[in-house]
Every structure is written in C-alpha cells, then in structure tokens.
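Quick note on labels: first sequence line is chain A, next is B, and so on, each numbered from 1. Since the structure is predicted, the reported quantities are computational estimates derived from the model, not experimental observations.
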Amino acid sequence: MRFEKEIKLIKRAVDEIVPLEGLIDKLEKSEKTGKPLRIKLGIDPTGYDLHLGHLVPIRKMRDFQDLGHQGVIIIGDFTAQIGDPTGRDETRPPLTHEQIMYNSERYMEQLYTILIPEQTEVRYQTEWFGGMTLHDVLQLLSKFTLAQFMAHDTFRNRYEQGLSLGMHELMYPVLQSYDSVAVESDVELGATEQKFNILCGRDMQRYFGQEQQVAVLSPILTGTDGVNKMGKSLNNYIAVFDTPNDKYGKVMSIPDSLIINYYNYAAFALEDEIKAIEAELKQGVNPMLIKKRLAHRIVSYYHSDAEADEAAEAFDRQFSQREVPEEMPEYALASGEYRLTNILVDSGLCKTQGEAKRLIQGGGVSVDGERIETWDHVLNFEADTIIRAGKRRYLKLVKA
RNA sequence: GGAGAGGUUCCCGAGUGGUCAAAGGGAACAGACUGUAAAUCUGUCGUCAGUCGACUUCGGAGGUUCAAAUCCUCCCCUCUCCA
C-alpha cells in the first residue's frame, strides 16, 4: 500500500478513518501538489481546564504536523453558545463572550505544549458566522433533514427518553459542518462520538462543491475511575494543569485493567511497545510496576524527565513507605491551645466542622504521626507540627 | 390552546400528613489490607453544636394543620398525546 508509513502513524491511537481511501487520495494529492493537508479540529471554549481526554485528538494533529501538514484549530465561539449536545443528556447553559475569549486563550496556551505553532492556524467561527443573515442560516438548515438528525444516537436517545432537546441544539452539527467549508478542511479530527458531526461536514462540503474531508476519529479516553469517559464533571480526569505529583498519582489510581488502554491513548505508545507490555502483564509482572512506568512517561511528556523522577520518588515516599511528603501547605498559628477540628476547618483541609469531626472519628487524622481518635481533641501548639488528614492531605503548622 | 405525567439531598431514585435529615444504588471520603491514589472488606456521607439538642433542605412563593417532601392556591420548568 502506498503511504504505508504515514498511514501507520496516522492510525496510531485512532479508532476509525472514514473513508480510508479518501485519506490515501488526499495524501497522494498533497504529495503531488506539495500543498500540505488542512487538518481541522474544532474546540468549544466551554472551559479551559484541559485533560488528557481532550488531548487525544490534539496529539493526533501533532502527528499530522510531523508529517508536514497544516493544523487548523477552530475556536467554536458560536457553537460554545449552544453547547455540543453530543453525548449529553442535558442542555448546557450558554457562556458569555468574555468567558469564551478567556477560555480560548488559556486553551491555546495548553495546546501549544503539543502543537507546532508555525503549522497551526487558529480561526474563530465569528469570522464566517458573525455576518450571516437569517437567509443564510435557513439555507444551511435546508441541507439537512429532521430524519437524518433523529437517526443520530444522541438526538434520538434524548428524544426517546423524554428529555428536553432544544431546537438550537440541532444547529450544532450544522454549524460545525459549515466550519469545514469555511476553512476548506481535508481532514477533521475528533473523538468517535463526533462521527456524526464530522460526517455532516462532508455533506456540507459537497453541497458547496468542495472536496470532502476525511474523518479521523480518536477513541474516547476512559477516566481514572476506569468506567466513565474522562470528564470534569465526574472528577475522573488528569488535567494538563495538574502538578507532576498529581498526574503521577492519578495515573497510579487507574484500575490495573486500564493499563494497556492508557499506554495506547494517554501515552501514545507504539504497537510494538504495547505488545511487550501485554506480554509482561501476562507473565505476572506486578501491575504496579508497569503503572509506575506509565505514570513516569506521562508526567515526563508534559513536564520533564527530572520532574517525573521527583514525582515518582514523592509517590514512593508517601504511599509505598508512608512517609510524610517533603512539601506541604503551611498554616501559621500563634502558640496556644486549639481545638483540632477548628484547625482542620480554618486551614481549609476540611470544609465543615462535621466533616472534620467525622474524619477524626473515622481514624483519618493524625498529629505528628499519632492518630487522634477523639473529636474534641485539643492541640497544644508550640513549634512545627504536622497534621495529616486522610491519605493525601497534609498540613504543617508553623509559628505565626 | 386542550388533556395527562413530573420536578426529592453531588447523581440516579424511593417516599403521599407525624416513626423523614428523608430507603436503595452510584460517586466521594476514611479505615483495614496491599511495597499501587488498583482490587477487596468495613465505616462515614445537610449545617451547627464539647454531642442533650438546635437549625436549614425535598422547583418557587404563599396557605391549611399541633405537625407537610407529603394537602390547598398561584407561579416557573420538563416531558407525553392532541391541535
């Protein structure tokens, strides 16, 4: 097959390419004309805290860039006002313009840790949607039928389950598909759940007499809980902004059954590597050790080798050897007597008195290594004291 | 516009006048165990209260009652069928 090497790279951590033939044609054309392909990825600036799940398609864009192609990031400042209904069973609240601008800037900051800036074009939907009239909008809408949309899982499920579904949400795929026309995309990236939207883009391009884009669909990354899709609302995500220690720890917290999955989609390991790891697991190597390597690799990708080393050491100290971490937040107090629960709450370790009390009663709090079992414990504070609340929360009391 | 169903604690979901701070599940947190922040088991899971008790919560606002998530009135929102 022609472009075997390229296709292999493109297929890495990808679920589906629709249609594969189309991609080969595109590569061929690009090689002939010397014009890079335009690789589109739409982003809704509904938030700015990116996690590893978001980055799967982003890293795919980077693969294309490494092959010399042009990334085109579309900031969905219009679609963000709708909220992508895909995979959602609820209408999203719309965002203000300021939020959108702020989010998209933070977004790009993070993306440039992966993408090559010189090969990245950033476009806002406002460019083409800002000046549209109702007439134009109606024209776009006429390209699709209700039946077509109701065949789409998300819409059908929402409808059949009797959940609310706003008219504006039906607009989402329409807008996204016109983006492809506006930027003349050759390839559109996205998670598999984007298949419908991206394929709509192909239709739209055809209506506008353009060559049709190819969909390159990335798998959806499972969250650290091992069950649900990685997402903010479930608190099962590893964020780009997480500290090296947190990233490391969060990787360690994934169920062992997720190791291969993460090597594939979070660490972007190559095929041979995956095979080697599978073999190791089969031979009975402690999954913990393999997870440690995985965690190290992920941390060093986003930070550095040195930081990954440190995170690994900190993890061993804190969890394997149960030692106190080197760094922890400090809380200043004057000498005197304090009720322990008050310290826990005032310092922010616990949210409420009740929570602090329960934590103590559950045996989760210790002062200088000694477990405290009485909720009304009074602490006589003089010099440095270390309070531990639960597995991960530490506090050093220092003199005010 | 007409007829019906429904809005419960972080989520799902029971609960139709007192025994309800509200079953059950999930999530989360903690403990035990494990050289994993895995798995498993156990506990906790509205706020305040040195723990008797007080206060706030069941879409919103009023009302009935000694007593309401549960009854009444109006309003808001969602869904279904009909137009």
Below 30° counts as parallel, above 60° as perpendicular, anything between as tilted: where do the rings of [X] and [Y] land?
X: Y237(A); Y: H51(A); result: tilted
X: Y178(A); Y: F129(A); result: tilted
X: F319(A); Y: F315(A); result: tilted

Measure [atom1]/[X] against [atom2]/[N] and give the value in whole Å, please.
X: F319(A); N: G31(B); atom1: CZ; atom2: P; value: 11 Å
X: I238(A); N: A38(B); atom1: CD1; atom2: P; value: 13 Å
X: M288(A); N: C33(B); atom1: CE; atom2: P; value: 17 Å
X: K357(A); N: G43(B); atom1: NZ; atom2: C1'; value: 17 Å
X: E373(A); N: U51(B); atom1: CD; atom2: C1'; value: 18 Å
X: K351(A); N: C29(B); atom1: NZ; atom2: P; value: 10 Å
X: D316(A); N: U36(B); atom1: CG; atom2: C1'; value: 10 Å
X: E355(A); N: G31(B); atom1: CD; atom2: P; value: 13 Å

Considering only the [atom1] atoms, how many Å lie between [N] and [M], rounded to the nearest integer?
N: A30(B); M: C81(B); atom1: P; answer: 47 Å
N: U8(B); M: A23(B); atom1: C1'; answer: 12 Å
N: G13(B); M: C82(B); atom1: C1'; answer: 31 Å
N: C11(B); M: A61(B); atom1: C1'; answer: 27 Å
N: C77(B); M: A22(B); atom1: C1'; answer: 24 Å
N: U34(B); M: G53(B); atom1: P; answer: 42 Å
N: G46(B); M: U56(B); atom1: C1'; answer: 8 Å
N: G43(B); M: G26(B); atom1: P; answer: 13 Å

N286(A) vs V365(A), nearer the 5' end of RNA chain B by closest nucleotide: V365(A)

5′-ward residue of the pair G354(A)/S257(A) relative to RNA chain B: S257(A)

R297(A) and Y301(A) side chains, donor-acceptor separation under 3.5 Å: no

Donor-acceptor contact present, side-chain R388(A) to main-chain Y394(A), <3.5 Å: no

Measure from the side-chain heavy atoms of [X] and tell me the nearest of [options].
X: K391(A); options: G31(B), C29(B), U36(B); answer: G31(B)
X: L359(A); options: C29(B), C48(B), G31(B); answer: C29(B)
X: M252(A); options: C29(B), G35(B), U36(B); answer: U36(B)
X: R393(A); options: A38(B), C29(B), C48(B); answer: C29(B)
X: K291(A); options: A38(B), G35(B), A49(B); answer: A38(B)
X: R371(A); options: U36(B), A32(B), U51(B); answer: A32(B)
X: F315(A); options: U34(B), U36(B), A49(B); answer: U36(B)
X: Y159(A); options: U80(B), U51(B), A38(B); answer: U80(B)

Point-to-point distance, once rounded to the nearest 0.5 Å, from CE of M204(A) to CD of Q210(A): 11.0 Å

Separation of T224(A) OG1 from Y262(A) OH (nearest 0.5 Å): 5.5 Å

Both distances under 3.5 Å, Watson-Crick or G-U wobble: report the partner of [N], or none.
N: U40(B); result: A32(B)
N: A27(B); result: none
N: C55(B); result: G46(B)
N: C79(B); result: G4(B)
N: U16(B); result: none
N: U73(B); result: A61(B)

base_contact_polar (U36(B) base, D256(A) side chain, donor-acceptor, <3.5 Å): yes

Donor-acceptor pair present, R322(A) side chain and U34(B) base, under 3.5 Å: yes

4.5 Å side-chain heavy-atom contact, L111(A) and T120(A): no

Looking at every strand, decide which applies to [X] at a 4.0 Å heavy-atom threshold: base, sugar-phosphate, or nothing.
X: I254(A); answer: sugar-phosphate
X: G249(A); answer: base
X: N245(A); answer: base

Does a nitrogen or oxygen in the side chain of [X] sit under 4.0 Å from OP1 or OP2 of [N]?
X: T352(A); N: C48(B); value: yes
X: R358(A); N: U47(B); value: yes
X: R317(A); N: G35(B); value: no

